[in-house]
Structures are given as structure tokens and as C-alpha cells.
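Okay, structure first, notes after.
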Amino acid sequence: MSDPRIAAAERLLAERGLPDAEVSAEGTEGEIAAIRLPGGPEALLAERELTKAVRALGFRFVAVDLG
Amino acid sequence: MHKRRRLLEILHECRSVVVGYSGGVDSVFLARIAVEALGRENVLAVTGKSDSIASWMEDTAREVAERFGIPWMELETREMEDPRYAANPSNRCYYCKSELWARLSSVAAERGAVMLDGSNADDVGDHRPGAVAAAENGVRFPLLEAGLTKAEIRAWSRELGLPTWDQPAAPCLASRIPYGLAVTPERLRQVERAELGLRALGFRDFRVRHHDRVARLEVHPAELGRVAELRPEIARAVRGAGFTRVLLDLQGYRRGALNEGLGAGQLVQLGAAA
């Protein structure tokens, strides 16, 4: 069964100008929204509001892949 | 100035002390002041040695003790053999500190000494189950009793020439593993190896949080810019420690992050000095 949080997070990121972002739930309880950005993590480093919005979808942590 | 006087009064009340000495800002300061107040013959700083103690903390503990003439010893602790500790509940520190203070009790008893813990006034209200274990073993908290804050301890440490005066907070390696995920020697080694890798790249204030296969890095906001510059090196260092995925937490390093979300019933808060 797919995690609805993931689709919601990807939609949110697309709306904020990151349509290629891929989200997966990592951690033993799926507590981390792990975001992979094709261009690297820099686009997200200063995005506090976006981070808050993704957390509000039900994640404890929001993190970006470093490759 | 009255806080400094009060601290010295407390130490003189104790006459002979055994200090739980981690190599962190507070315990180094406490041991150094104790030597100044009571003389070397009445002070012993003891560092608990186990898989959960980072090698760089052990090195700091030893080097500062040698440099400042603080009588020092290491004592093996076996909290890892306690399944209640290894299960990593939210009060894990209670079992760890119970083991530490129980072992230090016999050392202190031989010397007729009072055991001291370096908790300070800023720790009041924090989640500190280890403090319950300390209190159960008759440990005193002189820095807390004197009302000294972290900033005041750092300032006084700097006056004393202690190299730890601006050292970032340094809890044990088990603090990197989320509650509920077992603390194992292998996981602790992975964290240590990954953090050594980041230290070698010049990072000072960060944590590598262990989420089983995944490492979630918390880096102080002031150091985030360097993450972008050193991304391949960071990923290589952390993967080299055995993690399959390396993530950067977008909230950055914040003290006690793994305590976020603990319910009121799970929090064990250090109370103010009476």
C-alpha cells in the first residue's frame, strides 16, 4: 500500500517549483521524508517554510539526499 | 561573583571528591576548579569507558587532565550488557548512569569522597533520566547548586585557559540512535566512524543520527554552506562507515532533537537546586 504522505509531499514540492523531486519515507518507522533532487540539495537548504509544510504531512524529519 | 563563591563553598563542604569526568565543558571545568579548591590529593576525575564514548572525548579527557594536573583514571563500564539499556528506551540514560555511578561509588568510598556530576543550571527542565540515577547514588551537582549557567562556565573556563571553553556539547554516541532502535556496538562504531569523517573535513557542531541503513546528518546552520561544497566527501565518509544512504536534515543541528515528540509521561526533567 503506497504512503499517501509521499504523494502529498511530491505535490507540495512540485507546486513550489521542484517538479522533479522524489520523496521516500526512510527510517525504521518511516519518520523521515527523504527528498532526492536531481540537481543536488542546494535548492532546499534555505527553504524553512517548505520544510515545515512537508513535516506537517506527518513526518518527524525532513531531509535531502546528499548522494 | 556570588556564584563563584558558592561553588567554592560547596566544594569545601565536600572536602574530597570523585568527579564524573566525560571530557566535556562542564566536567572538565568542575574537575579543574576542584583541584584548585581542594588540592590534587583530594580530587580524582574518572572517565567511564565503553563503546558509547567517542574516541575524541576520551582523548580530550586524558589530554586536559594531563595538561592541567588533574588526577585522572578510566573505569570500564558495562551498560551495553544491560538489556534494559541496549533496548534504548527514552530513559536509556538512567541505566547508563546507574552503571557509572555504581562503579564510581566503590572508588569514592575507598577515598571517603563525594561523587560530583557536572550538570549546570541550564540543564534544568531538560530530559535528564541520568540525573535520577545520580541522585539515587548520592551524587552532588555543584555547578547546578551554585546556579552557574553554561555561558558562565564557558567564560570561567576561558579565564582558566581550559581548551574546552568553546567545545560544542558532546553527549555519548548512543544519543545518535533513535529511541526504540537497539544500541549495539556495531551501530555505535558506525556513528563514530562517520563523525570522525566529518570532523576530518572540519565540521565542529553536528550529529550523525543513525536510522538503521540511513544516516541523517544534523549540521549547525553556520556550517551548512560547507555541506554544499563538500557534498561528495561527506557522502563518501558516511557511506564508508556502513550507511547505504546519506541525508541532510533540513532543520539543521538542534540539541535534543531525538527528544522531540516525547510525551509528558516520558520526559524526566532535571529539577532546580533546592
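Within every chain, numbering begins at 1; the chains are lettered A, B, ... in the order of the sequence lines, protein sequences first and strands thereafter. Hydrogens, waters and symmetry mates play no part in the numbers below; they use all other heavy atoms, side chains included.
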| message | I'd like to verify something: which residue of Ile32(A), Leu45(A), Thr51(A), Asp65(A) has the highest number of heavy-atom pairs under 4.5 Å with chain B? | response | Asp65(A)
| said: Between Val214(B) and chain A, with a heavy-atom cut-off of 4.5 Å, which part of the residue counts as in contact: side chain, backbone, both or neither? | reply: side chain
| Positions in residues 5-19 of chain A that reach chain B, provided some heavy atom is under 4.5 Å away | none
| Given that the side chain runs from C-beta out, which part of Arg236(B) has a heavy atom under 4.5 Å from chain A: side chain, backbone, both or neither? | neither
| remark: All heavy atoms of Ala235(B) vs all of Leu66(A), minimum pair found to be CB-O, 4.1 Å
| query | Can you say whether Val227(B) sits under 4.5 Å from chain A via the side chain, the backbone, both, or neither, judging by heavy atoms? | reply | side chain
| message | I'd like to know whether CZ of Arg158(B) has more than 12 heavy-atom contacts from other residues, nucleotides or ligands below 6.0 angstrom. | response | no
| message | Do Glu26(A) and His211(B) have side chains that approach each other closer than 4.5 Å (heavy atoms only, starting at C-beta)? | response | no
| message | Does Gln251(B) form a side-chain contact (heavy atoms from CB on, under 4.5 Å) with Val62(A)? I'd like the steps, not just the answer. | response | CA-CA 8 Å; Gln251(B) 283 187 270; Val62(A) 181; over 6 Å; no
| Are the side chains of Glu47(A) and Leu250(B) in touch, meaning some heavy atoms are under 4.5 Å apart? | no
| For Phe243(B), what residues pass the ring pair (Phe, Tyr, Trp, His ring centres under 6.0 Å) criterion, not counting sequence neighbours? | His210(B)
| task | Would you indicate whether Glu29(A), at its atom CD, is surrounded by more than 12 heavy atoms from other residues, nucleotides or ligands within a distance under 6.0 Å? | result | no
| query | For Arg245(B) and Ala34(A), which heavy atoms make the closest approach, and how far apart are they? | reply | NH1-CB, 3.7 Å
| field | Gap between atom CG of Leu248(B) and atom CG of Leu44(A) - 0.5 Å precision | value | 10.0 Å
| task | Could you tell me the separation between the CZ atom of Arg60(A) and the CG atom of Asp249(B), rounded to the nearest 0.5 Å? | result | 10.5 Å
